[in-house]
2 protein chains.
Amino acid sequence: MNPKAEKPQGLLSIGEAATHSGVPAKTIRFYEEAGIIKPAQRGDNGYRVYGDGDVQTLRFIHRSRALGFSLKDVAELLELYRNRERASREVKKLALQHVAALDRKIAEMTNVRNTIAGLAEKCHGNHRPECPILEELGAMPKSGLAGMNKGTGARA
Amino acid sequence: MNPKAEKPQGLLSIGEAATHSGVPAKTIRFYEEAGIIKPAQRGDNGYRVYGDGDVQTLRFIHRSRALGFSLKDVAELLELYRNRERASREVKKLALQHVAALDRKIAEMTNVRNTIAGLAEKCHGNHRPECPILEELGAMPKSGLAGMNKGTGARA
DNA sequence: ATAGGGTTTCCCCTTACTGGAAGGTCAAGC
DNA sequence: GCTTGACCTTCCAGTAAGGGGAAACCCTAT
């Protein structure tokens with residue numbers, strides 16, 4: 001006898017599936033509604049019932065999301081995961097696209113970060129009203145960011 | 001001999017304000033509705049009318065947004081901008097908070113980027129079905145990302 | 001029997017817009 | 001005068017990815 005044999009065979013409620021997968025119950029329902037996962041089986045009481053495979057899938061989704069893949073990407077990855085005939089080329093392509101997108105975002109954010117840090121550095125930040133940050137936000141050249149965000153700088 | 005002296009004194013329609021400020025007309029209305037800017041004056045025909053100061057404000061908002069400040073932040077910056085008695089300390093604080101937030105996000109994204117790039121490198125990406133990316137997404141230890149990167153995971 | 005927890009559906013809130021539909025206005029062209 | 005087209009107005013819906021909370025049902029324990 002199993003020391004903790006509750007249900008016939010790894011049949012979990014949505015809450016249990018949530019704790020085992022890391023995906024909140026509410027989010028699991030959302031994924032179902034959004035078509036990311038198939039509608040769960042229902043028990044006699046109408047409750048959703050999840051098996052080990054379902055939990056596995058949820059963890060897959062959880063990790064993919066944690067890596068920043070969009071739900072659209074996740075759906076695609078999931079498809080490729082289930083459908084092993086699909087070539088790994090597809091997966092790699094998706095991953096590399098994501099890396100490229102991340103590189104772009106990181107570069108942009110770094111740029112912005114340095115711009116703001118540069119402005120903040122020039123603001124003495126005391127009780128006096130003068131603040132170069134506001135000055136520059138209010139009077140930057142029309143081109144917006146174009147001239148100011150190179151390196152740490154923001155030379156006006 | 002202004003080549004384009006149409007209106008009495010820099011009185012612009014919403015479309016003109018849009019082109020001069022870089023903020024789309026639709027977004028200007030949205031800002032008004034959201035309380036970021038005060039309701040514009042109206043002409044006899046009910047059209048919104050903008051003056052130079054309004055356009056200035058819109059550009060301020062545009063640049064602040066381009067630097068990644070949230071609308072809530074922008075409202076605050078705008079308040080400080082108009083209300084010069086406010087100390088520059090406030091502004092600097094807001095800017096440095098934003099820099100810190102950017103630093104966190106950049107670090108997290110870099111982490112994720114390296115994780116994915118590492119996985120992609122191990123995937124030969126040919127026509128064969130085996131793909132370590134899928135393998136690892138599907139079978140990582142329960143703790144999720146814990147073993148592979150340092151970030152808390154990119155929960156938005 | 002009653003309390004408590006978990007589950008169900010439902011709808012609204014978020015951020016910062018963007019798109020579209022239905023209708024009013026205005027200047028130009030014929 | 002009439003039409004066309006480019007504006008403008010309002011309101012409604014939708015996006016990504018859920019979170020919050022209500023009202024009702026179910027199950028278990030005391």
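Residue numbers begin at 1 in each chain, while the letters A, B, ... track the order of the sequences.
Atom pair A:R42:CZ and C:dT7:C1' shows a separation of 10 Å (rounding to whole Å applied). Rounded to whole Å, the distance from CD on A:E32 to P on C:dT7 is 14 Å. If you take CD of A:E33 and C1' of C:dT9, they are 10 Å apart, rounded to a whole angstrom. The separation between A:L12 atom CG and C:dT7 atom P is 11 Å, rounded to whole Å. Note: OH (A:Y50) to P (C:dT8) measures 7 Å, nearest angstrom. A:L71 places its CG atom 13 Å from the P atom of D:dT15, with the value rounded to the nearest Å. Atom pair A:I14:CD1 and D:dC26:C1' shows a separation of 15 Å (rounding to whole Å applied). Residue A:D73 contributes atom CG, which lies 12 Å from atom P of D:dA16 at whole-angstrom precision.
Projected onto DNA chain D by closest heavy-atom contact, A:D44 and A:F30 fall at different nucleotides, the more 5' of which corresponds to A:F30.
Between its opening and closing five pairs, the helix from C:dA1-D:dT30 to C:dC30-D:dG1 changes axis direction by 30°, a value rounded to 10 degrees.
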Worksheet item: Could you run down nucleotides 19-24 of chain C 5' to 3' and tag each one B, S or - for protein heavy-atom contact under 4.0 Å?
Response: BB---B

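Annotation: side chain of A:I133 is not in contact with side chain of B:L94 (no heavy-atom distance under 4.5 Å). Side chains of A:H98 and A:F69 form a contact here, defined as non-hydrogen atoms less than 4.5 Å apart.
Note that OG of B:S21 is 7.5 Å distant from NE2 of B:H62, once rounded to the nearest 0.5 Å.
Base contact: A:R29 has a heavy atom under 4.0 Å from a base atom. Nucleic acid contact for B:F69: none, since no nucleic acid atom lies under 4.0 Å from a heavy atom of the residue.
With salt bridges taken as basic N to acidic carboxylate O contacts below 4.0 Å, one links A:R48 and A:E32.
In this structure, A:Y31 does not reach the D:dA17 phosphate: none of its side-chain N or O atoms is under 4.0 Å from OP1 or OP2. Contact check, B:R65 against C:dT15: no side-chain N or O comes under 4.0 Å of OP1 or OP2. Look at B:N45 and you won't find any side-chain N or O under 4.0 angstrom from OP1 or OP2 of D:dT9. Between B:T27 and C:dC17 there is no side-chain polar atom (N or O) within less than 4.0 angstrom of OP1 or OP2. Residue A:R48 places no side-chain N or O under 4.0 Å from the OP1 or OP2 atom of D:dC26.
Donor-acceptor pairing under 3.5 Å is lacking for the side chains of A:T19 and A:E16.
Residue pairs meeting the salt bridge (Lys or Arg N to Asp or Glu O under 4.0 Å) criterion with at least one member in residues 114-125 of chain B, sequence neighbours excluded: B:K122-B:E136.
When all heavy atoms of A:V91 and A:L77 are compared, the pair lying nearest together is CG1-CD2, 4.1 Å. When all heavy atoms of A:L71 and A:I36 are compared, the closest pair comes out as O-CD1, 3.9 Å.
Not one N or O on the side chain of B:E90 forms a donor-acceptor pair closer than 3.5 Å with the backbone of B:L80.
Hydrophobic cluster membership is shared by A:L119 and A:M109, with clusters built from Ile, Leu, Val, Met, Phe, Trp and Tyr side chains linked at under 4.5 angstrom.
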